[in-house]
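These notes are about the structure you will find just below.
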Amino acid sequence: MTDTPPHGEPRITISARNSGKAVSPTMFGLFFEDINYGADGGLYAELVQNRSFEHEDSLHAWSEISLSADGDLKIATSGPLNANNPHYLHLHVREAGDGYGLANDGFDGIPIREGKSYRFSVHARSDQAVPLKVILQNEIGNALGECVVEGLSPEWQRFECTIPATAGALRGRLTLLAIRAGTVDLDMVSLFPEETWKGRTNGLRADLVQLLAEMRPGFLRFPGGCIVEGKDLGNAYRWKETIGDVAERRQNWNRWMNALPDVPAPQYYQTYGLGFFEYFLLSEDLGAEPVPILNCGMSCQFQDANLVPVDQLDSYVQDMLDLIEFANGPIDSPWGAKRAAMGHPDSFRLKYLGIGNEQWGEEYFERYPVFYEAIKAKHPEIQLITTAGPAVDNHSGHVSDGYEKWKLAWDKFEEGMPADIVDEHYYCKPQWFLDNADRYDAYDPNGPKVFAGEYAAHDEGSRNNLRCALAEAALITGLLRNADIVTMASYAPLFARAGFTQWKPDLIWFDATRAYGTPSYHVQAMFSRNRPDVVMPLEIQNANRKELFAVAGRDDKSGELLLFVVNAGESPVHATVDLADTAIEKRQALKTMLTSDSLDDENSFDDPTRIAPTDIRIEIAGSEFEHDFAERSFTVLRI
Ligand code: AHR
């Protein structure tokens, strides 16, 4: 115990010698969902939109090009590339002139960078071996680079070529021209920058993955979110449809297509080019535990709420068992062999699996045990994630009876329903976060672990401002303080493509060429990059409990002490920090701070780092020192 400081000034006392609670390496992670064009048009680096002509508006993003030519084009279905890809484009060229074909505008234009190369590929066939000219063009039709595809035959074949760009364009397009009379069928028309993350084919946008890597996430949850559930069961995400040859992955429409009447997105589809293999690979690249969430025989309860009868869940249970084999099984097992065939003979070391997204009610708890028992019987090593519904009380989340749903779930767990990890969601006002920073102090440390699986502070106008970021930081001090209960946490949603959003706020904003982290991104990164191995007991005296929040921990490798302090108020806080029982002499510490002039401040494409952490070295007097915690700030001291 420490004495009350003189003049009633705030005092933060850390029992640095005490061993404290262990912090899970999965404490801070990522929630990925294909919402706001997070996958197609986002993380997935494919530049062509509607590459396989499977959109309902089958020529969406395409336009006919006729250069002194005579021809016509149509969508055809006879003799398709494969059963999962039933539509293709049929060109009939009577007079080729200077070329007849079509152009793709990508997602609001195809960005082309001068000096960079682009990988083009297409599946094509032709009755008269018609050659195809492939051109990267700028906004006014000038060619920036081209290649010619030859050798087409009456059978489908895949062709590829690399196109170096001699000049750039922000809103370019990809043009394909038949340059001789005849017929040509085209499918899976694809263009990727050569520079994807790690230079992979069928790869991811390097700048976006870089932002994720810099967070050093402990896990990657995928593929959602509500898209796991689907509007109806036909629309649900089934992972087996997302692996293998990309040309054979059945395109699905996106559940966020027209889910919100105010922001319809009628052309929002999932190509599944970014599928489960790619998610596992991304997790591995990031050093993050893969956390897949699978459908449990229920479609989105906010939408059609379809239910698979409890005695007919076999294929859904089998999906989960097979996924474990796909991720971890030996290469001579049926699903392990598919992983190996895709280029990853080694196990992905899957340890976590979610049963349904944010389901609720008796209908969920009739189904969940079927999955739990079947998986535990074969794979007791897998930690299973269950859910407490879409909100934790009637003020959080987007449902007014959130508390009843949450309570029903926790009553079940208390009554003996088995649960390893319970997923809780809260999307609510910044003040709610400040008021709830202590919510896990009341949870039973002997109960199931908690995964704060989706959360974000929602301010007026759904802005990504400093007010939200500080409120989230305040709540996270409470998650960390209760690291024996909360073992995983992730902000949601992760990505938003400007002009293509269904949901705000979001962690990272991007457009065709740019990306920036919001203040909330920096809060997540500051915690995650400084994740302690243990938390240490900490006491705050003489402080405004609605404004000052703190938690401390230790980095076992470096032996450094970590102090996280949120000052959500509008006045600086001069505090004494007392590292009780610790003999620390005068020394330097690293101070990382996030702040700005106003709680309303935000980052933007024009000013992407207006709010970004700054690092300085500071001198501390010893095991007791004074420090000014700036108004509107989040500070990490590494001592
Ligand atoms: O993050 C956006 C949505 O919020 C998720 O898809 C869903 O799980 C929650 O309702």
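Indexing begins at 1, ligand by ligand and atom by atom, following the structure's order.
- Of the options His425, Gln301, Glu454, the smallest heavy-atom separation from atom 7 (C) of ligand 1 is shown by Glu454.
- Residue contact check: Glu358 has heavy atoms under 4.0 Å from atoms 7 (C), 8 (O), 9 (C), 10 (O) of ligand 1.
- Close approach to Asn357 involves these atoms of ligand 1, each under 4.0 Å from a residue heavy atom: 7 (C), 8 (O).
- Screening Lys378, Arg238, Lys240 for a salt bridge (Lys or Arg N to Asp or Glu O under 4.0 Å) involving Asp322 leaves a single residue, Lys240.
- For atom 6 (O) of ligand 1, the closest non-hydrogen atom of the protein is Glu33 OE1, 2.5 Å.
- A distance-only check finds a donor-acceptor pair linking the side chain of Glu33 to the backbone of Cys226 [under 3.5 Å].
- Below 3.5 Å of separation, one finds an N or O of Cys226 facing an N or O of ligand 1.
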Phe510/Tyr37 under ring-ring contact (aromatic ring centres under 6.0 Å, His included): CA gap, chis, key distance, verdict: CA-CA 10 Å; Phe510 64 91; Tyr37 282 68; 9.2 Å; no
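- The environment of His395 atom NE2 is sparse: at most 12 non-hydrogen atoms of other residues, nucleotides or ligands sit within 6.0 angstrom.
- In this structure, Pro493 counts as a contact residue of ligand 1, since one of its heavy atoms falls inside 4.0 Å of the ligand.
- Within 6.0 Å of atom NZ in Lys412, more than 12 heavy atoms from other residues, nucleotides or ligands are found, so the atom counts as buried in its surroundings.
- The residue from Trp503, Tyr427, Tyr455 that puts a heavy atom closest to atom 1 (O) of ligand 1 is Tyr427.
- What you find for Tyr237 and Gly275 is that their closest heavy atoms are OH-CA, 4.0 Å.
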